[in-house]
Amino acid sequence: MLDKRLYLSKMSIFDVLTPDDLTELDNIAQMTHSHALPKGSLIQTPETAQDGLFFLKEGMLRLYRINSEGKQFTVGILTMGNIFGEIDTFSFGTKELYIETIEDTFICSVSKYNFEVFLAKRPLLAMKFLSELSKILKERDEMLMQLALGDVRDRILHLLIKLSERFGVEEEGKVRIDLALTHQEVANMVGATREVVSVLLNSLMKDGIIQTGRKSISISPVRLAEKLELVGGMANDF
């Protein structure tokens with residue numbers, strides 16, 4: 001059994017809590033799954049969403065919508081230490097979303113009522129939650145704007161930039177996204193077909209912006225900046 005109290009103490013959002021607070025939170029936080037949920041598990045749909053808060057103990061989750069044509073659009077990726085769910089005081093805006101595991105994942109949860117009582121006595125924690133919520137919603141708004149306004153190439157570039165910011169590892173002048181990604185998984189994230197994504201990724205490779213390997217993608221920040229500067233300059237000419 002994983003030590004929930006040790007896990008909770010490592011989450012930055014709970015660094016305002018005392019050891020006694022953490023013990024109390026540990027007592028009300030139930031382990032949702034005693035075994036890891038395997039990669040590709042659908043853990044929520046808009047119809048099955050439940051009230052309460054869920055803490056990502058280990059692993060990674062993808063949050064997405066499905067449009068009328070059945071295409072998936074990723075609106076967020078959560079990693080260890082992130083939170084999702086709904087209570088009366090805070091809504092992380094995940095109730096209407098599909099959520100699936102990107103890696104083997106452990107989740108623990110706390111009921112709406114229990115956490116509302118816990119939070120009411122700790123104003124500093126409430127402020128931390130507001131800050132965390134603000135960051136999550138800002139990232140989601142950026143993703144949704146790209147989905148609404150950008151073409152598929154723009155959506156792919158935006159996705160790769162965001163992934164490199166969160167999961168990037170610098171290697172010989174490039175930033176490798178430390179996340180196994182197939183062309184189909186990228187297609188699911190940007191709402192396109194695998195064939196279209198493969199063509200566009202090959203184009204980005206020829207331009208020297210990215211480099212791909214087996215389930216890996218690296219970005220050249222220099223070439224990307226040059227490309228974006230060129231596109232911005234052309235736009236300003238009109």
Side-chain angles (χ1 to χ4, degrees), residues 1-64 75-141 162-163 165-169 178-179:
M1 174 69 81
L2 296 172
D3 186 341
K4 295 200 303 296
R5 187 178 179 282
L6 177 61
Y7 155 73
L8 293 168
S9 69
K10 291 182 177 181
M11 292 179 64
S12 60
I13 199 168
F14 292 132
D15 60 12
V16 296
L17 298 182
T18 66
D20 287 342
D21 288 336
L22 286 170
T23 298
E24 183 177 343
L25 181 59
D26 176 45
N27 290 333
I28 64 174
Q30 300 298 313
M31 182 71 75
T32 308
H33 299 280
S34 58
H35 301 286
L37 287 162
K39 176 181 177 179
S41 298
L42 184 63
I43 65 172
Q44 177 185 291
T45 70
E47 294 73 32
T48 62
Q50 300 179 3
D51 287 333
L53 290 180
F54 300 84
F55 308 118
L56 186 52
K57 189 162 185 158
E58 288 185 8
M60 197 175 299
L61 299 174
R62 180 169 76 98
L63 283 56
Y64 64 93
V75 297
I77 293 178
L78 304 182
T79 56
M80 183 175 68
N82 284 150
I83 302 170
F84 65 97
E86 316 280 331
I87 58 175
D88 291 340
T89 311
F90 295 99
S91 169
F92 285 89
T94 55
K95 202 165 190 176
E96 302 302 318
L97 301 177
Y98 293 82
I99 303 178
E100 73 169 0
T101 59
I102 299 178
E103 299 176 347
D104 290 355
T105 299
F106 279 96
I107 297 171
C108 64
S109 65
V110 60
S111 73
K112 179 172 75 170
Y113 174 77
N114 285 342
F115 198 77
E116 292 280 5
V117 172
F118 182 81
L119 192 64
K121 304 173 185 176
R122 297 164 177 86
L124 288 178
L125 180 59
M127 294 299 294
K128 292 279 287 188
F129 263 77
L130 282 174
S131 176
E132 180 74 7
L133 180 59
S134 176
K135 288 189 293 185
I136 291 173
L137 294 181
K138 181 176 182 292
E139 179 178 286
R140 193 169 306 160
D141 285 346
K162 286 299 178 183
L163 292 178
E165 289 173 352
R166 293 191 62 184
F167 311 111
V169 178
D178 191 20
L179 180 65

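On a predicted model such as this, the values are computed, not experimentally measured, just so you know.
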K.L.:
Do Pro46 and Tyr98 come close enough that some side-chain heavy atom pair is under 4.5 Å?
P.N.:
yes
K.L.:
With sequence neighbours left out, what residues match Phe115 under ring-ring contact (aromatic ring centres under 6.0 Å, His included)?
P.N.:
Phe118, Phe129
K.L.:
Pick from Thr79, Ile43, Ile102: which one makes a side-chain contact (heavy atoms from CB on, under 4.5 Å) with Leu61?
P.N.:
Ile43
K.L.:
Under 3.5 Å, is there a donor-acceptor pair linking the side chains of Asp20 and Thr23?
P.N.:
no
K.L.:
Who are the salt bridge (charged side-chain N to carboxylate O under 4.0 Å, His left out) partners of Glu165, not counting sequence neighbours?
P.N.:
Lys162
K.L.:
Applying salt bridge (Lys or Arg N to Asp or Glu O under 4.0 Å), which residue pairs with at least one partner in residues 75-85 are found, sequence neighbours left out?
P.N.:
none
K.L.:
Is there a side-chain contact (heavy atoms from CB on, under 4.5 Å) between Leu179 and Glu103 once you walk through the steps?
P.N.:
CA-CA 9 Å; Leu179 180 65; Glu103 299 176 347; 4.3 Å; yes
K.L.:
Kindly write out the residues that satisfy salt bridge (charged side-chain N to carboxylate O under 4.0 Å, His left out) with Arg62, not counting sequence neighbours, or none if the list is empty.
P.N.:
Glu100
K.L.:
Restricting to non-hydrogen atoms, name the atom on Lys57 and the atom on Met80 that form the minimum distance, rounded to 0.1 Å.
P.N.:
O-CG, 3.1 Å
K.L.:
Within this structure, what is the CZ-CG distance for the pair Phe55 and Asn82, rounded to the nearest 0.5 Å?
P.N.:
11.5 Å
K.L.:
Quick one: salt bridge (charged side-chain N to carboxylate O under 4.0 Å, His left out) partners of Lys112, sequence neighbours excluded?
P.N.:
Asp51, Asp88
K.L.:
Whether the side chain of Thr101 engages the backbone of Asp104 through a donor-acceptor N/O pair (distance < 3.5 Å, no angle test) should be reported.
P.N.:
no
K.L.:
When rounded to the nearest 0.5 angstrom, what distance separates CD in Glu24 from CZ in Arg122?
P.N.:
4.5 Å
K.L.:
Is any side-chain heavy atom of Ile77 less than 4.5 Å from a side-chain heavy atom of Phe167?
P.N.:
yes
K.L.:
Okay, side chain of Ser111, backbone of Gly52: is any donor-acceptor separation there less than 3.5 Å?
P.N.:
no
K.L.:
Under a 4.5 Å cut-off applied to non-hydrogen side-chain atoms, are Leu56 and Ile83 in contact?
P.N.:
no
K.L.:
Only one of Leu119, Val110, Asn114 clears side-chain contact (heavy atoms from CB on, under 4.5 Å) with Leu53; which?
P.N.:
Val110
K.L.:
Taking all atoms of both residues into account, what is the closest heavy-atom pair of Gly93 and Glu86, and its distance?
P.N.:
N-OE2, 3.4 Å
K.L.:
Step by step, would you call Thr94 with Phe54 a side-chain contact (heavy atoms from CB on, under 4.5 Å)?
P.N.:
CA-CA 11 Å; Thr94 55; Phe54 300 84; over 6 Å; no
K.L.:
Side chain to side chain donor-acceptor pair (under 3.5 Å) with Thr45: which residues, sequence neighbours excluded?
P.N.:
Glu47, Thr48
